[in-house]
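Report on the structure given below.
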Amino acid sequence: MKPNSNDWTSDNEEASNEVAARASAAGRRLLLGLLGRWYWVVLGAVLGGAVSFHYLSKAPKIYSSTATLLVKDQAATVLSKDQPEEIDMRSAEALNTVAERLKRRVLLENVVSREEIRSLPGLIPEKVQWLPEWLAHRFVGVSAVSEAPKAEVMKPAELARKLSGMMTITVRRNTRLVDITFSHPMPEVARHIADGVALEYIAEVSDDRSSGRTNTIELLSKKADEARVSLQAAQKAFAAYQRALASHEELEIKEKEVIELSRRLLGKHPEMINAKAQVVGLQERFLDDFDASVKSGADEAYWKLSKAEWKPGSKPLNEQLEVARRMVLSRTAVLKSEIQSQESVFDAILTKLQQSDVNQSAKESEIEISSLALLPDTPVSPVKALILMVGVVGGSGIGLGIAFIGVVLNNKFHSVAEVEELTGMPVLAAVSRISRGALNDLAKLPEAEAGKFEHEKDWDPKIVFRRGLSSTSFAEMFRVLRASITLLGFEEERKITLFTSAIPGEGKTTCSANFALAAAGQGKRVLLVDMDLRKPAQHKIFGLALDVNQAGVSGCLTGKATLDEAVFQVPGVPNLDLLLSGARAPNPGELLNGGRIAGLLAEIRGKYDVIVLDTAPLLAVPDARILAAYADNICLVVRADYVPKGAAHRAISLLESGKTAISGIVLNGFKERRRLIGGSYSYGYYKYGSNGKSSSYGYGSYGTYGTD
């Protein structure tokens, strides 16, 4: 059966839509996170503005003055004295060459070595101390403004090095104008040095032009003499081989005749014998002429290097003939080429000499001053508006970057919307961060009434259902939790409510106790069971000793006590009974397994309207997973700004893998942040909510439990 292509396309579209939805949700969370951290952007902008104002208060005012040179439209020698080639001043290359020459440190050294420049006041700018005056004195021990070294005692090279960074050379586009701009805190210094550099360069170019042309003619004349000597030597050497070349040519003709005769006549024919004799005679004459050329001394330098190869009479006639013929032909070919090359060089040098004579008569200067520098009256920097804009925008950008890093690296839950979106679970109630100090202030009673509530004095301060607190927003949060759990289904079918958390310290013990008190306030019979057999804490919540009732849960499960013997009423609360964990069990995990826990819970279900189970954290020990199978309502307490998101996801996964559906999440320790743009909502703080300090409460450490 072929797969339906429409189904395949539909699946792909659904997957693409899901990916797009996730990306959109992630982008929305990122945007909301950045908006929620707007204060970083504002803080960055304020700090950036403050830094900008501080910079403007410290930075010296800089004045710029510009002298302009005009490079004329003609050929000129502007490179160096050692380079005779002239360049076309109309080219961009020439203008850039002028600009680079103006940047030379030696040019500025010549300017600052003048007495009138060195004596200018404030020639060397004072060093700015960027620290505030009081801070510089306190920590650095120096004045906020350091004294500058005296220009009069500095060497020109050192002075030029300090001032070189203040000079800029620019070529105006589509013109032959070169600007020399000098920037300095003192306007007079800027004008004098800009003019000084321009005038120094004009003088230097004038000297280079006159001396450069003279040097060019001298160099060309010397090169011409050298080329003439080389040409004459080559011609003389070639003339020495003329007789040998003529003999060789005559020998080659006669050898060709012998070859032609050998095709018609036998070797003993008189004509053939006569022709061979003539060839031998020509060979001997050629060898004599060649040996005379070698000994003539016209090409002595060459034969000093090749004398080992030519030794007359040391070899048979045929071998000597072969060597002589090869050497005379190769040497004369080299000499011919050398003669042609030297003639070309000599002609080129003569042409260059004629051009130099013409250029030497030119009187027009190729570079002149277009305009001298003016005394600046307004500073060019710092630009206040630009500095302030850069400071504010840069600070805002840094603040936005910090906010972005905070959002990306954040691994905690902060808001109801964030919990619901990332876990996919409903939030049954958002319990604000409860301040112990605020609760203590609200719970204070007059001395006349204090005796009526003696039982409450040992209660944990976070128990909100007591005298002076039951009408506050703190108590109202747990009434919302009670209503949310009631709406999960029929009360007769959903009596057992289990409270757990992912890790210790999330406040599930406090939440379960306050929920039990809220349920008892409706007149229902409520039983609060401390199912944490390893680290019980409900007795501490109500200020009781752990051994107030030795039976407890462990006694009921081991058969040492009945339920009626183990349960007792919470002092001062008529409708609330308490079943503590009892004596410490050596094997809590095994004690909760089997049918004993099911029988105990069934017995409790028949006697009470609401049963609240306070269990151990899910990721610490397996107890809560075992008990979850018997619970009707499972509440996962998630402490805001505390539990890692991965731990909460892992806890939900563990419950789902045990086929126990989580009813919802209680966001505990929640701090209302209006800046989160609707991402959080709760009853908010009561009168003292904003003054309290967050404190550690709840389960405590489970480090002694080991791993499951």
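Computed over heavy atoms, backbone and side chain alike; hydrogens, waters and symmetry mates excluded.
There is a side-chain donor-acceptor pair under 3.5 Å between Arg494 and Asn633. A donor-acceptor contact under 3.5 angstrom links the side chains of His414 and Asp641, judged on distance only.
Distance alone, capped at 3.5 Å, places no donor-acceptor pair between the Ser581 side chain and the Arg534 backbone. Judged purely by atom type and a 3.5 angstrom limit, Arg525 has no side-chain atom pairing as donor or acceptor with the backbone of Asn575. Gln569 contributes a side-chain N or O that, together with a main-chain N or O of Val573, makes up a donor-acceptor pair within less than 3.5 Å. Under a 3.5 Å cut-off, the side chain of Asn668 and the backbone N or O of Glu506 do form a donor-acceptor pair. Under the 3.5 Å distance criterion, the side-chain polar atoms of Ser52 are matched with a main-chain donor or acceptor of Ile387. In this structure a side-chain-to-backbone donor-acceptor pair under 3.5 Å is missing from Ser24 to Ala20. With hydrogens and angles ignored, the 3.5 Å screen pairs a side-chain donor or acceptor of Arg639 with a backbone N or O of Gly505.
Heavy atoms from other residues, nucleotides or ligands lying under 6.0 Å from CZ of Phe568 number more than 12.
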Practice prompt. Take Ser512 and Gln538 through the side chain to side chain donor-acceptor pair (under 3.5 Å) test and state the conclusion after the steps.
Written response: CA-CA 9 Å; Ser512 60; Gln538 285 296 342; 3.0 Å; yes
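Using the six-membered ring where Trp is involved, Trp459 and Phe542 have ring planes that are perpendicular, over 60° apart on the 30 and 60° scheme.
The CZ atom of Phe474 sits 12.0 Å away from atom CZ of Arg433, with the distance rounded to the nearest 0.5 Å. To the nearest 0.5 Å, the span separating CG on Leu428 from OG1 on Thr497 amounts to 9.5 Å. The structure places CG of Leu498 at 9.5 Å from OG of Ser663, a figure rounded to the nearest 0.5 Å.
Here the side chains of Ile634 and Leu655 are in contact, with some heavy-atom distance below 4.5 Å. Put simply, the side chain of Leu481 does not reach to within 4.5 Å of the side chain of Val431, judged on heavy atoms. Counting only heavy atoms from C-beta outward, the side chains of Ile597 and Met531 approach each other to under 4.5 Å.
In summary, Asp614 and Lys508 engage in a salt bridge, as defined by a charged side-chain N under 4.0 Å from a carboxylate O.
Lys645 pairs by the salt bridge (charged side-chain N to carboxylate O under 4.0 Å, His left out) definition with Glu418, not counting sequence neighbours. Scored by the salt bridge (charged side-chain N to carboxylate O under 4.0 Å, His left out) test, Asp564 finds Lys607 as partners (sequence neighbours excluded). For Asp632, the side chain to side chain donor-acceptor pair (under 3.5 Å) criterion is met by Arg605, not counting sequence neighbours.
Taking every heavy atom of both residues into account, Ala640 and Phe670 meet most closely at CB-CA, 4.0 Å.
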